[in-house]
Amino acid sequence: MKKLPRSFYFRSAPLVAKDLLGKILVRRIGQTTLSGKIVEVEAYLGKKDPASHAYRGKTRRNEVMFGEGGHLYVYFTYGMHFCANVVTGKKDVSEAVLIRAIEPLDGIELMKRNRGFLKDVRLLYTLTNGPAKFCEAFGIKREENGTDLRGDKIFLIEGESPKSIIGTSTRIGITRGKEKKWRFFLKGNEWVSK
DNA sequence: CGACCGATTGACT
DNA sequence: GTCAATCGGTCGG
């Protein structure tokens with residue numbers, strides 16, 4: 001399948017966010033391929049958005065958001081978790097889309113190992129139904145910050161156009177910019193975070 | 001420098 | 001429902 005063109009990312013974050021639903025994220029680690037369908041995202045609007053890491057301008061931590069769209073912004077939070085964003089817009093725009101949940105497709109055994117599922121005790125939907133769970137399952141850490149999504153390590157391809165209705169809501173876990181409805185998800189999909 | 005807190009999760013009452 | 005884990009970013013002094 002064809003990788004999404006760079007132009008896909010050169011639009012405002014809410015538009016890209018909605019269009020990311022149903023797309024397939026592929027991660028190659030050595031010989032193994034992990035993949036999953038994006039089912040939940042949130043848009044962060046850079047300098048215009050008090051909830052965005054880019055709100056106060058460019059720093060060492062957030063500089064990837066100020067680069068060209070189509071790269072991955074990975075950040076470390078709560079002293080233990082990583083979360084991943086798709087950067088959107090052209091250089092210096094600093095908008096991004098947080099990937100909050102995916103539905104696993106290929107490489108589920110490795111995802112389980114990455115997540116520390118020893119047996120099938122835990123419900124399968126808890127494998128990737130949250131932004132830090134997705135990153136842990138896919139082995140996305142500090143080193144993946146800045147990855148070009150048109151390269152061969154992590155990339156996005158077309159999926160089926162989503163049949164589910166797209167739900168919209170306010171974003172989860174933030175204290176500023178609460179009122180904006182910039183969370184999008186596939187309604188009824190089991191892998192959407194609770 | 002110290003204090004506070006976060007785009008979260010999992011364990012527990 | 002509550003709360004600890006655990007550390008880097010940010011802000012005030």
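Here is the naming used below: chain letters follow the sequence lines, and residue numbers restart at 1 for every chain.
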A:R61 has its side chain closest, among C:dG8, B:dT9, C:dG9, to C:dG9
For B:dA11, which nucleotide is its Watson-Crick or G-U wobble mate, given both distances must be under 3.5 Å?
C:dT2
Ion pair check, A:E109 and A:K112, cut-off under 4.0 Å
yes
Tell me whether the OP1 or OP2 atom of C:dG9 has a side-chain N or O from A:H53 closer than 4.0 Å.
no
Closest listed nucleotide, where the reference is the side chain of A:R56 and the choices are C:dC11, B:dT8, B:dG10
C:dC11
Of B:dA7, C:dT10, C:dT6, the nucleotide closest to the side chain of A:M80 is C:dT6
Any side-chain N or O of A:R60 under 4.0 Å from OP1/OP2 of C:dG8?
no
Taking the side chain of A:H81 as its heavy atoms from C-beta onward, which of B:dT8, B:dA7, C:dG9 lies nearest to it?
B:dT8
Could you give the CZ-to-C1' distance, from A:F76 to C:dT6, as a whole number of Å?
7 Å
Is any side-chain N of the basic residue among A:K23 and A:E158 closer than 4.0 Å to the acidic one's carboxylate O?
yes
I'd like the C1' distance from B:dA7 over to C:dG1, given in whole Å.
23 Å
Do we see A:Y44 stacking on the base of B:dA7, given a limit of 5.5 Å between centres and 30° between planes?
yes
Return the pairing partner of C:dG13 with a 3.5 Å limit on both distances, Watson-Crick or G-U wobble; otherwise return none.
none
